[in-house]
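Remarks on the structure that follows.
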Protein chains: 4
Amino acid sequence: MEAAEIHFADRGFEGTSVRDIAETAGVNLAMINYYFGSKEKLMEAMFARRSAYMTLQLETILANREMGPMEKLETLVDQYINRLLNQPCFHRIMIREQMMNSNHMITEQILQMKRTNSNLTRALIAEGQEAGVFRQNVDMGLLMATLVGTVGHIVSTQHFYREMNDLGEMTEDEFRNHIRGKLSSHIKAIFKAILSNED
Amino acid sequence: MEAAEIHFADRGFEGTSVRDIAETAGVNLAMINYYFGSKEKLMEAMFARRSAYMTLQLETILANREMGPMEKLETLVDQYINRLLNQPCFHRIMIREQMMNSNHMITEQILQMKRTNSNLTRALIAEGQEAGVFRQNVDMGLLMATLVGTVGHIVSTQHFYREMNDLGEMTEDEFRNHIRGKLSSHIKAIFKAILSNED
Amino acid sequence: MEAAEIHFADRGFEGTSVRDIAETAGVNLAMINYYFGSKEKLMEAMFARRSAYMTLQLETILANREMGPMEKLETLVDQYINRLLNQPCFHRIMIREQMMNSNHMITEQILQMKRTNSNLTRALIAEGQEAGVFRQNVDMGLLMATLVGTVGHIVSTQHFYREMNDLGEMTEDEFRNHIRGKLSSHIKAIFKAILSNED
Amino acid sequence: MEAAEIHFADRGFEGTSVRDIAETAGVNLAMINYYFGSKEKLMEAMFARRSAYMTLQLETILANREMGPMEKLETLVDQYINRLLNQPCFHRIMIREQMMNSNHMITEQILQMKRTNSNLTRALIAEGQEAGVFRQNVDMGLLMATLVGTVGHIVSTQHFYREMNDLGEMTEDEFRNHIRGKLSSHIKAIFKAILSNED
DNA sequence: GATGAATGAGCTTTCATTCAT
DNA sequence: GATGAATGAAAGCTCATTCAT
C-alpha cells in the first residue's frame, strides 16, 4: 500500500500500472489482485486506512476540555498541516481524487471524511460562538477551503515556492520545517481575522 | 480542444482515451493525431492557448493608471475567480498537472505562467508598499497560494460545498453567481487583513 | 519514381510510407495516388520502366553479328554487372521481390523478364554449342543463378566485402570500379570453366 | 518462432503483423510481446538461435583431422546447401536482412556470423595453400559470394528454376533432392576450377 | 498462500487512401 | 491538375486480470 501511494501520487491512478507497484513493493504481480481483489480496491483500502486515523485525531482534540475554542482551532490547523507534510503522497492523491469523481467508492469515502470533519469543526465553532469568542455568520465551507486549499496548494507546488523564495538549497527536511512554521502562522492569522469577535 | 478539456478534467490525462475525445468532439479518431501529432501535444496546445489569454489579462490590469494598488489587487482577485468559474475544466486540469510533473513541456509552461503572474503581482505589491498602503514583509507565495488554493478547492469540490450549505437545488448558473460573490468577499477580506498597513 | 526506388531499396516496400516518398520527391502526398493509383501500382510502374530497358539491352547484344558466342556472353556478363552497379537501388528491390511473392503483378513481371532473358541466353548458348565452342549439357538455370546470385550478393553486402578486404577508405566510386573489375573476371572465369569445350 | 520464420520469409518483417504470427502459432497475441518483448526482439531471438547452430557446425568440420583441405571445403559446401534447403525460411529472411540494415542488432549479428565463417574458411584455405593443393591469390570474398549468392538465389527463386526445367510436377521433397545434387556438383566444380593448383 | 504464464480488451499511433475544393 | 483535410482500418504494444499449479 505504501508503494501504491508513492506511485499514485506521482503518476496518478490511471498512470500507474499494477506492475510498477508490484515491483516497488517487491512482491509478485498477482499477489496484489490476490490480496486486494483489484487495482481499485487497493486504492479503497488505502483510503480506508488513512481516513480512520484522521477522524480519530480530530475527535481527540474536540474532546479535550482544557483548551479554549481558539486554542483548539489552532491545534486543528497545526495537525492538518502536519498530516499533509508527513503524508504528502496520500494527500496529493486525495486532492486529485476529490476533483475527479471517477471512483464512486472513494468519492463517497472522501465525502464521508469531509462530512465528519465538517461536523466536528462546526461543533467547535459553535462552541466558540457561544463563548462569544467567534463572531456569528461564519461560512464554514470557505473557512475549510482556505485551510485545505492553501496548504494543499503549497505542498503540491513546493518546487515553485522554493524557486520563488530562493530556497532551492534547503534539504527536504529543512524546507518542511520552514514551510510548517510559515503556513501555521499564515493560516492562524487568517482564521483569527475572520473569526475573532471584534466587539 | 474543448472536448479534450472536458474529458481531461473529468478523468485525467491518462484516464482519458483519444477515442473518447474524438467521439465527444464528433470528429474522426485519426484527426486528432493528424492535427496535434499526439495526445500529449494536444494537451500542450490546450495549455498554450489558455496561458496566452491569462497573461494578457493580468498585464492589462497592471498597466491601468486610474486604479490604486488595493483596487488593482481586488480586480485581480475577481478576475481570477471569474476565470476559474468560467473555465473550470481547464483549471482543474492545470491544478492536477501542477502536482504531477509527468509532462515536462507542460510543467514548464505552467511554471512560466506562474513566474509571469508572480512577477507582475510582485510589482503590484511593491507599488502598494511604496504608497504606504500595504505593509512590508509580505509573503507573496503564501498570498498567491491562498488565492489559488482556496478558489481552486471550492471549484473542485463544489458538490460538497453545495451539500454542506443546502444549495443542492440551485442551478449551475445560480450557484456560480452565489459562490462568485462569496469567494470574492472572502478572499478580499483575507487580503485586506494580511496586507493593509495598520499604522 | 526515383524517390520511391531509394526508399523501397532502403526500407522495403512495406517499410516505406507513401509520405516518405512524397516528401523525398517534393510532391504532394495525394499526387502519388492521383498519378499511380496506389502504392502497389507505383512499384509496378517502376518495374515496367526498368524491365523495358533491360530486355532491349539484351536483344541488342544477341543481334550483333560481329561477336562470337563467348564474346557475346562476356559482354552480357559485363552489362549485367554494370546495370547492377549503376542501379543498385532497383536491383535490391528486385532481388527482394523475387523471394516474396506478395504482389502478383510484380512477380509476374519479374518472371516475364527472367523468361525473356532466359530464352535469349538459351539461344546464345545454343549458338555456341553449334559452333562447337560450348560444351553440351549446360544447366542454364544454374549458370544464370551464379551470375545473378553472386553479383547480387556482392552488391547487397558490399560493406562486408569492404571490411573483409580492408577497402573501407575507398570512395563509393573507387570501390565500384574496383569491384566491377573483380566481378567481371571472376564470373567470366567461372563461365569459361563451365562452358568451354575441352575437346 | 517458427511461425514467425514462415511469415517473415513470406512477407518480410514489416509486411508481417504480430497478429498473423500469433494466429499461425496458435497463441495469444499478447503472448508474443510477453515472451519476446517486441516484434524486433522476436526476430533477434530467431537469429540468435540459428546462428549459434551454424557456427558450431562449421567449427566441427574444421577441427576434423582426417579430411584434406579440398575434402573439407566440399563438406562445407554440402553443409551450406543442406542448411539452406532445410531451413529455407530462415535463410530467406537473412538474405533480406543483409541488404536492409534496418535493425542494427540483427545487422551486427549477421556480420558477426559472417566474420566467424569468413575467418574459419580463410584458415581452411590457408591450410590448402600450404599443402600446395590450392593456388595463391584467392579472393575469399568472391568465393563466398559465389557460394552464398548462387545457392541463395536458386532457393529463393526455385519456382522459376522449376518452370525453366519442366520440374513442376516434382514434389517438394523430390525437387529438394534434385536441386541438392545439382547445386552440390555445380558449386564444387566452380570451386575446383578457381582454387586448384594447376602446376 | 503464492506465482509464472497466459489472455482479452483496449490503448495510441500510423497507414494508404479518398474527398472536397 | 493539384492539394489540404479527412478517414477507416490496422498496426504494435500495454494493461488489469485470471488461470493452473
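Quantities reported herein were computed from a predicted structural model and do not represent experimental measurements. Chain letters run A, B, ... following the sequence lines, proteins first, then strands; residues in each count from 1.
- For the pair D/Arg11 and C/Glu14, the tightest heavy-atom approach, listed with the atom from each and the gap, is O-CG, 4.5 Å.
- Remark: F/dT21 base-pairs with E/dA2. Criterion, Watson-Crick or G-U wobble with two distances under 3.5 Å.
- Aromatic pair D/Phe47/D/Phe90: ring centres closer than 6.0 Å.
- Atoms CD and OG1, from D/Glu5 and D/Thr24 in turn, are 13.0 Å apart once rounded to the nearest 0.5 Å.
- Two residues are said to be in side-chain contact when any heavy atoms from C-beta on lie closer than 4.5 Å; C/Met54 and C/Met113 meet this criterion.
- Nucleotides of DNA chain F lying under 4.0 Å from heavy atoms of chain D occupy a range whose first and last members, 5' to 3', are F/dA11 to F/dT14.
- Interatomic distance, C/His91 NE2 to C/Ser156 OG, rounded to the nearest 0.5 Å: 10.5 Å.
- By the 4.0 Å N-to-carboxylate-O rule, C/Arg115 lies close enough to D/Glu163 to be salt-bridged with it.
- The minimum heavy-atom distance between D/Ile21 and D/Ala3, with the atom names listed, is O-CB, 3.8 Å.
- Residue D/Phe13 holds its CZ atom at 5.0 Å from CE of D/Met43, rounded to the nearest 0.5 Å.
- Residues of residues 5-12 of chain B having a heavy atom closer than 4.0 Å to DNA chain E: none are found.
- Of all the heavy atoms in A/Ser51 and A/Ala48, the pair that sits closest is OG-O, 3.3 Å.
- Nucleic acid contact class of A/Tyr35 (heavy atoms, under 4.0 Å, all strands): sugar-phosphate only.
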Handout entry: Sugar-phosphate or base contact per nucleotide [nucleotides 8-14 of chain E; S, B, -; heavy atom under 4.0 Å]
Key = B-BBBBB
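- Taking a pair to require two hydrogen-bonding distances under 3.5 Å in either a Watson-Crick or a G-U wobble arrangement, E/dG8 pairs with F/dC15.
- A heavy-atom distance below 4.5 Å is not found between the side chains of B/Phe36 and B/Glu44.
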